[in-house]
Amino acid sequence: MGPLIPDIISPEWNNIIAIVLGIAFGYVLESAGFSSSRKLVGVFYGYDFAVLRVFFTAAITASIGLLFMDYFGWVNMAALDGLPARVYPIIVGGIIMGLGFVTGGFCPGTCVTAIGIGKLDGYVFFGGIMIGVFVFSEMFPLLENFYNSSNLGDVSVPQYFNMSPYWFMVGVSVIAIIAFYVTLQIRKRIKKVEY
Amino acid sequence: MKINPDKQHVYWNPYFAGFLMGIILLLTFYLTGRGLGASGAAKAIVTQTVHTVAPTHTENNTYYAEQFKGGKTPISNWLVFEVIGILIGAFISGSLSGRAFFRVQHSPKITSRRRLWFALLGGALFGFGAQFAKGCTSGAALSGMAVLSLGGFIAMLSIFGGAYLFAYFFRKLWI
């Protein structure tokens with residue numbers, strides 16, 4: 001039963017596996033065009049919805065896969081690393097990240113792919129990330145209470161709403177397909193941007 | 001390297017790329033029990049640097065100190081290795097398509113200098129915000145959503161919601 005580390009594959013392999021998975025992730029991100037800030041922000045201005053398509057397809061593929069593996073007993077989905085739902089800190093952090101996205105044009109992962117192909121704006125963005133992390137860490141004593149507030153724990157959406165995870169997944173997939181279709185129509189109406 | 005302008009802007013079909021990315025993410029969970037990420041690597045570099053310069057300072061700050069728990073060194077974090085991988089993978093993909101060379105990419109309507117200042121600002125905001133959410137678009141939103149975690153869905157909605165909220169004010173940077 002998964003995860004294979006540490007019981008089936010020894011933990012010494014963990015960092016090697018990290019590099020291999022990272023290479024695959026970086027290769028796909030770059031091939032999808034995510035090393036281009038102008039392509040990424042297209043999703044916010046309606047001229048390129050690649051971010052939405054890639055992101056939702058990836059999330060849905062992974063979660064349907066995990067639901068199957070959980071069903072067959074290959075992995076215990078509830079035991080995997082989730083994100084503790086600290087509701088308000090995540091909302092505040094998310095909105096700040098959103099502002100960072102439209103000003104900087106990258107998110108941390110995509111900025112690394114931009115660095116990989118020599119985009120200087122990617123280097124500068126990564127420098128910015130480090131400044132942001134440093135400022136947060138130094139301010140942590142002031143932010144600590146808020147940071148730990150409104151924590152609902154590592155709960156899944158189907159658990160929280162007390163519904164079947166399978167039906168939830170059907171719902172997410174339907175929403176994604178509608179979003180894919182609607183954004184296709186929007187893009188046809190918006191002036192093309194060359195980048 | 002010779003640049004082939006025909007291939008430079010041809011990217012994969014987004015659904016194909018998304019499907020492969022989903023398989024990689026699935027494999028990551030199956031092998032290691034955790035998801036993919038990126039901002040955690042920047043956090044590790046910052047913490048390690050601050051620790052090297054001022055070790056007592058990192059011991060007194062709970063946010064830094066947490067990363068040393070159990071004798072750990074932040075810089076040997078799983079995400080640091082994974083991000084080195086992303087760098088290599090992107091370089092391979094970019095080289096094969098003639099996209100790997102030094103430049104600043106920006107809209108023709110703004111200068112490179114302006115682009116770089118906003119990249120710095122955006123990076124700082126992203127790095128700051130990611131700490132609240134314990135991760136960025138990959139670590140919190142994508143990996144969180146893959147395991148259906150409530151936190152992951154909230155992170156995704158607030159990152160994209162936040163971006164749409166402010167997009168209008170920064171449109172001149174891009175279009």
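Just so you know, these numbers use all the heavy atoms, side chains as well, and skip hydrogens, waters and symmetry mates. Note on naming: letters A, B, ... go to the chains in the order of the sequence lines (proteins, then strands), and numbering restarts at 1 for each one.
Here A:S36 is the residue among A:S36, A:P6, A:A79, A:G122 with the most heavy-atom pairs under 4.5 Å with chain B. Your options are B:T47, B:L121, B:T28, and the one with the most heavy-atom pairs under 4.5 Å with chain A is B:T28. Between chain B and the residues A:I9, A:L66, A:V92, the largest count of heavy-atom pairs under 4.5 Å involves A:L66. The most heavy-atom pairs under 4.5 Å with chain B, out of A:L152, A:V43, A:V20, come from A:V43. Annotation: maximal heavy-atom pairing with chain B below 4.5 Å, among A:Y147, A:Y45, A:F25, A:F49, occurs at A:Y45. No other option in B:S107, B:A140, B:C136 has as many heavy-atom pairs under 4.5 Å with chain A as B:S107. Of the listed residues B:R103, B:R34, B:E82, B:M145, the one with more heavy-atom pairs under 4.5 angstrom with chain A than any other is B:R103. Most heavy-atom pairs under 4.5 Å with chain B: of the set A:G153, A:A59, A:C111, this distinction falls to A:A59. Considering only heavy-atom pairs separated by less than 4.5 Å from chain B, the leading option among A:I95, A:I90, A:V75, A:I17 is A:I90.
Contacts between B:L31 and chain A at a heavy-atom distance below 4.5 Å involve backbone atoms as well as side-chain atoms. In this structure, the portions of A:V155 lying under 4.5 Å from any heavy atom of chain B include both its backbone and its side chain. If you measure heavy-atom distances from B:V83 to chain A, the contacts under 4.5 Å come from both the backbone and the side chain. Heavy atoms of B:L148 lying under 4.5 Å from chain A belong to its backbone as well as its side chain. Interface remark: A:L143 contributes side-chain atoms only to the contact with chain B (heavy atom separation under 4.5 Å).
Taking the six-membered ring for Trp, B:Y63 and A:F136 have ring centres closer than 6.0 Å. A ring-centre distance under 6.0 Å is found for A:F44 and A:F101.
Cation-pi geometry between A:K119 and A:F125 is not met: the NZ or CZ atom fails to fall both under 6.0 Å from the ring centre and inside 45° of the normal.
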